[in-house]
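Computed from a prediction, not measured in an experiment: that's the story for all the values here. Order of the sequence lines sets the chain letters (A, B, ...), proteins ahead of strands, with each chain counted from 1.
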There are 2 protein chains.
Amino acid sequence: MAKPRSARSTAADKPALTRERVVAAALAEIDERGADAFNLRNLAERLGVYPTAVYWHVPNKTAILAEVVATVFRDVAPRRRGGEDWRDYLRKLFQRYRASMRRHPNVAPLVGAHLVGNLRIDFDFVEGVLGALSEAGLTGTRLVAGYNAVVAALIGFVVQEFSPIPASDAQEWQSAVQQRLLAVDPQAHPVLAANLPLLANRAFVLRWQNGSEAPLDASYRSFVEQVIAGLEHLREQT
Amino acid sequence: MAKPRSARSTAADKPALTRERVVAAALAEIDERGADAFNLRNLAERLGVYPTAVYWHVPNKTAILAEVVATVFRDVAPRRRGGEDWRDYLRKLFQRYRASMRRHPNVAPLVGAHLVGNLRIDFDFVEGVLGALSEAGLTGTRLVAGYNAVVAALIGFVVQEFSPIPASDAQEWQSAVQQRLLAVDPQAHPVLAANLPLLANRAFVLRWQNGSEAPLDASYRSFVEQVIAGLEHLREQT
DNA sequence: ACCTGAACACCGTTCAAGT
DNA sequence: ACCTGAACACCGTTCAAGT
């Protein structure tokens, strides 16, 4: 019987350890335990292997995390379809980005924390955004400004929305936030006080659950339209 | 001679350890070494004290980091001045937020990473934003949507801009990014290729320095105006 | 009340040894 | 080439002891 070249594994064995399996297992660990609790010993246990075996396939922990983020956002950028309106393209991109994050909310803090690993020089992503903005008529420094605004907006909202609550004293913290909200002084903070029921758990800083439990769907839809309106403004500038 | 109540310290002593001194020293450590490298032993050394002494004043490391972030953004929210246009208020807020982050760029990953600690239920901040949007004519769900958009935009851009490059292989990574940019295929990524000089090191994902070394001033100014235009759009909706 | 000092559990990583 | 196994340095935190 011919064996696959690089596999010593028999049918009964687990598949050989590969970089891809390491990253997949790391993502599973993070999904289950959160990014803070992620460590190499648990990862190795999941893979049925000694902790140090991982180092044959990957240089260090940071590299694993970078790969995990890259995996989650692989193929977020839709193909540019000929004749598609740039607004529709951006709407699609924003929805897909959020959908990806939603599937793996525990990855959010990793995205927020570092410059790299965010969208690791994914030229297809970059070209997708630039192509849309270019079709919108932006050139030169306005193209750059539009691009930076789109990336900041794309990442900023969703990272905030899905970043996890502090796992330790979750219970305690939830009621602490609620307590504070009920104690708002209408004299000092009138608009807040007047809109409390609308804002409670539906607005940044004023919520006690993250996007997995209390998604900000309506706000996000509005946000995307605001971003587009902002770009329209940019392109109508003299 | 009457001594201050809680101080056993004589003139020659260091001032007694307090929660405030712990937090101030922690911020100094983070400014110098970065958030990743921050640890309690270095912190204690800076304070001239045993590592475990810190635990008398603060429950754990996470609490210290939360206080550090709160300190950096203390008083970001300007006072609402009577008769001030809501647009000017928001412009001021955005500028002040970025200025605060710029003074302590190493704090950026801490802000990005967690839901809490961001703006720890600072009602003055919340009321400032809500007041401005309310003056812009937003009410109900549109007020909520506008508020969430402002917070996401405010934090999103600046965290991205100032989040640090991976400290380990900085040198190597810089030239790796530059290499990749020079190898852009104009066939596959035409808009990127055509605008490379404008984008290189001046746009997210396409830069090799962070905001401390290569600030995105022009893009940020444009971004703020785009956010305001987005809010105008929101308020003119039916 | 506040700090010292020892100690513990945990974790990322290195390296020699096996097959 | 790929994994085992021992080992090390580092770090957050607990707790008993001092003053």
Legend entry - With Leu206(A), the side-chain contact (heavy atoms from CB on, under 4.5 Å) member among Leu192(A), Asn195(A), Asn201(A): Leu192(A)

Legend entry - Nearest-nucleotide 5' precedence on DNA chain D, Pro59(B) against Ala37(B): Ala37(B)

Inset, instruction - Quickly work out the Tyr55(A) OH to dC11(C) P distance and round it to whole Å. - result: 12 Å

Inset, instruction - Whole angstrom is fine here: how far is it from OH in Tyr50(B) over to P in dA1(C)? - result: 23 Å

Legend entry - Nucleotide nearest Lys61(B) (side chain, heavy atoms from C-beta), chosen from dT4(D), dG12(D), dC3(C): dG12(D)

Inset, instruction - Taking only the side-chain heavy atoms of Leu17(A) (C-beta and beyond), determine which of dC3(D), dT14(C), dC11(C) contains the nearest atom. - result: dC3(D)

Inset, instruction - Tell which nucleotide pairs with dC8(D), taking only Watson-Crick or G-U wobble pairs whose two distances are both under 3.5 angstrom. - result: dG12(C)

Legend entry - Atom-to-atom span, CG of Leu43(A) to P of dC10(C) - whole angstrom: 18 Å

Inset, instruction - Give a yes or no on whether the backbone of Arg202(A) and the side-chain of Asn148(B) come within a donor-acceptor separation of less than 3.5 Å. - result: yes

Inset, instruction - Return the nearest nucleotide to the side chain of Thr52(B); candidates are dT13(C), dT13(D), dT4(D). - result: dT13(D)

Legend entry - Atom pair distance, as rounded to whole Å: CH2 in Trp56(A) and C1' in dT14(C): 14 Å

Inset, instruction - Please determine, for the side chain of Asn39(A), which listed nucleotide (dT13(D), dC3(D), dG12(C)) has the closest atom? - result: dG12(C)

Legend entry - Rounded distance in Å - CG (Asn42(B)) to P (dC10(D)): 11 Å

Inset, instruction - Could you walk me through whether Phe157(A) and Phe204(A) pass the ring pair (Phe, Tyr, Trp, His ring centres under 6.0 Å) test, one step at a time? - result: CA-CA 10 Å; Phe157(A) 193 108; Phe204(A) 294 128; 5.3 Å; yes

Inset, instruction - Would you mind reading off the distance between Leu40(A) atom CG and dT4(D) atom C1', rounded to a whole angstrom? - result: 16 Å

Legend entry - For dC2(C), the Watson-Crick or wobble counterpart (both distances under 3.5 Å): dG18(D)

Inset, instruction - Specify the separation, in whole Å, of atom CG of Asp36(A) and atom P of dC10(C). - result: 17 Å

Inset, instruction - Check the surroundings of atom CD in Glu45(A): do more than 12 heavy atoms from other residues, nucleotides or ligands lie under 6.0 Å from it? - result: no

Legend entry - Passing candidate, ring pair (Phe, Tyr, Trp, His ring centres under 6.0 Å) with Tyr97(B), options Phe73(B), Phe223(B), Phe125(B): Phe73(B)

Inset, instruction - Compare side-chain N and O positions of His57(B) against OP1 and OP2 of dC3(C) and report whether any pair is under 4.0 Å apart. - result: yes

Legend entry - Integer-rounded Å distance: dC11(D) P and Arg41(A) CZ: 15 Å

